[in-house]
Amino acid sequence: MSRFLTEIYGSTIRSGAENLVTGIVPLLKLLSLTVIGLILAHPSKQIVPRATFKLLSKLIFALFLPCLIFTELGESISLENIDNWWFIPVNVLISTIVGFFLGVLVVAICRPPPQFNRFTIIMTAFGNTGNLHLAIVTSVCHTKENPFGPHCHSRGVAYVSFAQWVAVILVYTLVYHMMEAPLQYYEVVEEGAVIGEPTPARDVSRPLLIEAEWPGIEDKETKHCKTPFVAKIFNSLSTFSSSTVPDLEVSEEGNTSSPKAIRCLAEPVVVRRIRIVAEQTPIQHILQPPTIASLLAIIIGLVPQLKAFFFGYDAPLSFITDSLEILGGAMVPSVMLILGGMLAEGPNESTLGLRTTIGIIVARLLVLPVFGIGVVSLVSKLSLLAANDAMYRFVLLLQYTSPSAILLGAIASLRGYAVKEASALLFWQHVFALFSLSFYIVIYFKLLSYV
């Protein structure tokens, strides 16, 4: 009997040790790449100039990441798979909603400076669903004894890529407008002019994280991007000129003098304001190279004739997809080198406050994953997830576990709101994420047999 119990408990211990090793070793690989980037970009040595890191970030954004997304998502996706993967984008929305309420709780408990209330909620709600997840999945699948079986890498990258478009839409619409500075902290000096945070100059001293996931951001600035545009529209400030909000001209068979026609067809004030805000939403930024690659992959993957033309050993254009796959392989090491370069710059000074910074880190990295486990377990018990796919569940759980999206730093810079605070917070989140990710990935590997 004792021998039997020893065998059982010995097997359990070995299984636990294997989970521990399998969960930590991939992160140690990523940490090694990050440390290399940190050494190369360290200000005291600067073996590789900062301008080179900025160029590398552009290559990731415009070449390496789109190639990786196109080759893996295009080969994996199909009509049947879309029917099975429907919960992946929905899960991004759920994690954002849960993070939003956690952010409100952080504001209530930690009481940040009033001008950073909205910033605190944003940084708690919107996590990284792209590059960091791709790096983790790739590193996990690079281990020979990974728990996800064959085709681990292609399935993992496909799942992560399928979720990215939702996060991109949220960032360039909702987050873009939420990131405008509160109106009461701007001093109106003349009609159409406001004084807010100083506009960062276009030079090489710009923090690396600002362009890490959105190169060339300085070229995307618009007339209203650094003003409280939405607040001015909906508060009907006298400082907002009529030329900025043009009157709707209504004509009836070429005659505009009919008061009756104007009363019947005039656009309601609320609708008019919503339209003006929508027109100032940088929706065109959604069509970036990674998003275009996702759309092309989905279109080609859903048409069997096109898919057979690009993917497969006998495909006529397989040499092109093979070349793109080689380029995509450079994405993960390049991303981690960039992350190391970001960390080498150190944290900026922040007026957010230590208590609020800790509150956001705890809510984002420790509390939110607990809710994620509950959501994924519940949906799995309701049989709404693809059966017997551990990687599918692992990617869903990862969506609750990552630090705030680095892209938020770029949006903060574009809007001229909490730029230093975003830089400092992203720095500390990524430092502590090393420990929280290690902890939760080990837990996820243990739970995958139950959820």
Side-chain angles (χ1 to χ4, degrees), residues 60-96 129-131 133-134 137-138 141 148-173 283-329 331-332 376 379-380 382-396 398-399:
I60 294 170
F61 183 76
L63 184 62
F64 299 156
L65 180 58
C67 288
L68 180 65
I69 291 174
F70 178 80
T71 54
E72 300 297 350
L73 181 60
E75 187 172 14
S76 301
I77 201 165
S78 64
L79 284 173
E80 181 182 357
N81 284 340
I82 285 185
D83 185 53
N84 292 329
W85 298 356
W86 67 271
F87 190 72
I88 294 177
V90 171
N91 193 56
V92 175
L93 296 176
I94 294 175
S95 66
T96 302
T129 60
N131 292 355
H133 288 183
L134 289 172
V137 166
T138 300
C141 294
F148 302 112
H151 309 295
C152 168
H153 181 262
S154 59
R155 286 187 294 114
V157 172
Y159 295 154
V160 174
S161 302
F162 192 64
Q164 276 192 306
W165 61 271
V166 181
V168 168
I169 291 175
L170 288 175
V171 167
Y172 289 118
T173 54
I283 195 73
Q284 71 276 11
H285 296 333
I286 292 176
L287 291 178
Q288 302 285 4
T291 313
I292 295 173
S294 298
L295 291 175
L296 286 176
I298 292 173
I299 293 171
I300 292 175
L302 293 181
V303 180
Q305 294 80 3
L306 283 177
K307 189 172 184 178
F309 211 68
F310 283 90
F311 300 101
Y313 293 110
D314 300 328
L317 297 181
S318 61
F319 66 95
I320 294 180
T321 52
D322 288 345
S323 301
L324 297 180
E325 187 175 356
I326 294 172
L327 289 171
M331 201 283 295
V332 171
V376 176
V379 176
S380 181
L382 295 175
S383 302
L384 298 177
L385 301 182
N388 302 322
D389 193 340
M391 175 57 76
Y392 184 71
R393 288 159 172 76
F394 180 66
V395 170
L396 293 178
L398 273 184
Q399 291 175 350

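What you see is a predicted model, and the numbers here were worked out from it, not measured in a lab.
Annotation for L385 and R393: closest pair CB-NH2, 3.7 Å, computed over non-hydrogen atoms. Residues K307 and S78 come closest through the heavy atom pair NZ-CB, 4.5 Å. The two residues A308 and A315 come nearest to each other via the heavy atoms O-CB, 3.3 Å. Smallest separation of non-hydrogen atoms from Q164 and L65: NE2-CD2, 4.5 Å. The two residues H133 and L398 have their closest heavy-atom pair at NE2-O, 3.1 Å. The two residues S154 and S76 have their closest heavy-atom pair at O-OG, 3.7 Å.
Here the CD1-CD1 distance, from I69 to I292, works out to 11.0 Å after rounding to the nearest 0.5 Å. Summarising the geometry, atom CG belonging to N84 is positioned 11.5 Å from atom CD1 belonging to I77; distances are rounded to the nearest 0.5 Å. Atoms OG1 and CG, from T71 and L324 in turn, are 7.0 Å apart once rounded to the nearest 0.5 Å. Distance check: T173 OG1 to L170 CG gives 6.0 Å after rounding to the nearest 0.5 Å. Going from atom CG of L382 over to atom CZ of F87 covers 9.5 Å, rounded to the nearest 0.5 Å. Here CD1 of I298 is found 6.0 Å from CD1 of I82. Values are rounded to the nearest 0.5 Å.
Considering T96, N91, L93 as possible partners of V166, the one that fulfils the side-chain contact (heavy atoms from CB on, under 4.5 Å) test is L93. Looking at W165, F61, F64 one by one, the single match for side-chain contact (heavy atoms from CB on, under 4.5 Å) with P290 turns out to be F61. Considering I88, I94, V92 in turn, I94 is the only one that fulfils the side-chain contact (heavy atoms from CB on, under 4.5 Å) rule with V90. Between F162 and the choices W85, W86, Y392, the ring pair (Phe, Tyr, Trp, His ring centres under 6.0 Å) rule is met once, by W85.
Residues R155 and D389 have side chains in contact (heavy-atom distance under 4.5 Å, counting atoms from C-beta outward). Residues E80 and D83 form no side-chain contact, since every pair of their non-hydrogen atoms from C-beta on lies 4.5 Å or further apart.
Under a 3.5 Å cut-off, the side chain of T291 and the backbone N or O of L287 do not form any donor-acceptor pair. Side-chain atoms of T138 come within 3.5 Å of backbone N or O of L134 as a donor-acceptor pair. For the pair S161 (side chain) and A158 (backbone), a donor-acceptor distance under 3.5 Å is absent.
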Exercise for the section: Step by step, work out the side chain to side chain contact (heavy atoms under 4.5 Å, CB included) result for V157 and L73. Expected result: CA-CA 7 Å; V157 172; L73 181 60; over 6 Å; no
Problem - Criterion side chain to side chain contact (heavy atoms under 4.5 Å, CB included) on C141 and M391, from CA distance to verdict - result: CA-CA 10 Å; C141 294; M391 175 57 76; 3.7 Å; yes
Exercise for the section: Report the C-alpha distance between H153 and E72 in whole Å, list the side-chain angles of each, state the deciding distance to 0.1 Å, and finish with yes or no for side chain to side chain contact (heavy atoms under 4.5 Å, CB included). Expected result: CA-CA 8 Å; H153 181 262; E72 300 297 350; 3.5 Å; yes
Practice task
Please test F311 against F70 for ring-ring contact (aromatic ring centres under 6.0 Å, His included), starting from the C-alpha separation and ending with a verdict.
Solution key: CA-CA 11 Å; F311 300 101; F70 178 80; 5.8 Å; yes
Exercise for the section: Evaluate the criterion side chain to side chain contact (heavy atoms under 4.5 Å, CB included) for residue pair T129 and V160; output intermediate values, then yes/no. Expected result: CA-CA 7 Å; T129 60; V160 174; over 6 Å; no
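Ring geometry for F148 versus F394: interplanar angle of 30 to 60°, hence tilted.
Neither side chain, N81 nor Y159, offers a donor N or O lying under 3.5 Å from an acceptor on the other.
Checked against the 6.0 Å centroid criterion, the rings of F310 and F319 do not qualify as a close aromatic pair.
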